[in-house]
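Everything numeric in this text was worked out from a predicted model, so none of it was measured. Every chain is numbered from 1 and lettered A, B, ... according to where its sequence line falls, protein lines coming before strand lines.
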Amino acid sequence: MPVDPDIDRAGWTAWRELALAEPVSAEVLGEILDGGQSFRWRRSPDGWVGAFGPRVAELAPAPRGVRWRQPRGAPDVEVALARYLDAEGAQARAADALPWRSDAFLARAMEGRRGLRILRQEPDEALLAFLCSSNKQVAQIRVMVAELADRLGEPLAGGLRALPTWERLARAPEAELRACRLGYRAAFIRDTARRLAGRPDWAAALAGLPTAELEARLAELPGVGPKVAACVALFGFGRLDAFPVDTWIDQALVEGYGLDGWNRRQLARFGAAHYGPAAGLAQQFLFAAMRSGPA
DNA sequence: GTCCAGGCAAGCA
DNA sequence: TGCTTGCATGGA
């Protein structure tokens, strides 16, 4: 990913440190921020610049966590950043409880990826990004999400732009959406936006549901099927038990466990049963391992 | 040119 | 209920 020359970093605060209970290497930090969970981070000379919700930060690797800074004058993002990155370490404990001791295939996927974690994104952000995701490569999703922010989003600190609101998307002209390279997904996004516009509480109203029911309710939205619903539950609602099965995970389960001929629903049930309450975290290790190519 | 991508929804048996 | 097909677009 090339460095983005348009971002003005003159007016930024001094660097500060955020300790992570489970530190990460530079490579794993890149995998976390730009490995197919969020599509909002770009490489900078020191690390990564991006937005999470309405907040903007620059992150860089540090021995015991991350260095970070933010645009001057914006509200302090430290508390939100600590939550976004699971600084407290709940996922490190969840990862240790995965069955890697008895599962060599999972152990191999986790090897060298200590500290890989699920970002705690906002539900709206995860939903919009994964509405874009169907039948697209990660690099192309990144382009679509960037176009949506650039064309339809409000300005944020640091010269970045927010993702558009559902209200904005609901009244966007067809041509404007098509210009975002959404293809046939444009209609799904428009229709979901029309359902959610004027309902800022939609996510809060679902937040108390058990994961299976949450996914079923998400799947009532246009353009949201089982896989996208699982991604939104995992990345947007912090449900570590959600287990999205895409082409990579499909391939991983066939390769690792000999599940040839199983359909996506069967594979999802296998994942939930085999990996347990943090199956979604296991999924992220497998996804990273498969995409990085043969070891 | 061909195949495939962090799939979904409609049509069909 | 479960499988097949069309869908827009761009990378590999």
Sidechain N-carboxylate O distance under 4.0 Å for [X], [Y]:
X	Y	value
A:Arg181	A:Glu147	yes
A:Glu154	A:Arg161	no
A:Arg55	A:Glu122	yes
A:Arg43	A:Asp34	no
A:Arg217	A:Glu213	no
A:Asp103	A:Arg108	no

With rounding to the nearest 0.5 Å, note down the distance linking NZ in A:Lys227 to CZ in A:Phe130. 5.5 Å
Working to the nearest 0.5 angstrom, can you tell me the gap between A:Phe188 CZ and A:Cys132 SG? 12.0 Å
Any base atoms under 4.0 Å from [X], or only sugar-phosphate, or nothing? Heavy atoms, all strands.
X	answer
A:Gly36	base
A:Arg265	sugar-phosphate
A:Gln284	base

Expected output is a numbered-order residue list: members of residues 114-137 of chain A with a heavy atom under 4.0 Å from any atom of DNA chain C. What is it? A:Asn135, A:Lys136, A:Gln137
Within residues 232-261 of chain A, the residues having a heavy atom closer than 4.0 Å to DNA chain C are none
For nucleotides C:dT4 and B:dC4, find the distance between their P atoms and express it as a whole number of Å. 15 Å
How far, in whole Å, is B:dC3 from C:dG6 if one measures between their P atoms? 15 Å
Separation of atom [atom1] in [X] from atom [atom2] in [N], rounded to whole Å:
X	N	atom1	atom2	result
A:Leu221	B:dG7	CG	P	18 Å
A:Arg264	B:dA9	CZ	C1'	15 Å
A:Arg142	B:dG6	CZ	P	10 Å
A:Arg291	B:dG6	CZ	P	6 Å
A:Arg185	B:dA5	CZ	P	13 Å
A:Met144	B:dG7	CE	P	10 Å
A:Tyr184	B:dC8	OH	P	9 Å
A:Gln283	B:dG6	CD	C1'	8 Å

Can you spot which of A:Leu116, A:Leu85, A:Ile118, A:Asp96 makes a side-chain contact (heavy atoms from CB on, under 4.5 Å) with A:Gln91? A:Ile118
Contact interval (first through last nucleotide) of DNA chain C with protein chain A, 4.0 Å heavy-atom: C:dG2 to C:dG11
Donor-acceptor side-chain pairing of [X] and [Y] below 3.5 angstrom:
X	Y	answer
A:Arg69	A:Thr13	no
A:Arg264	A:Thr247	no
A:Asp124	A:Trp166	yes

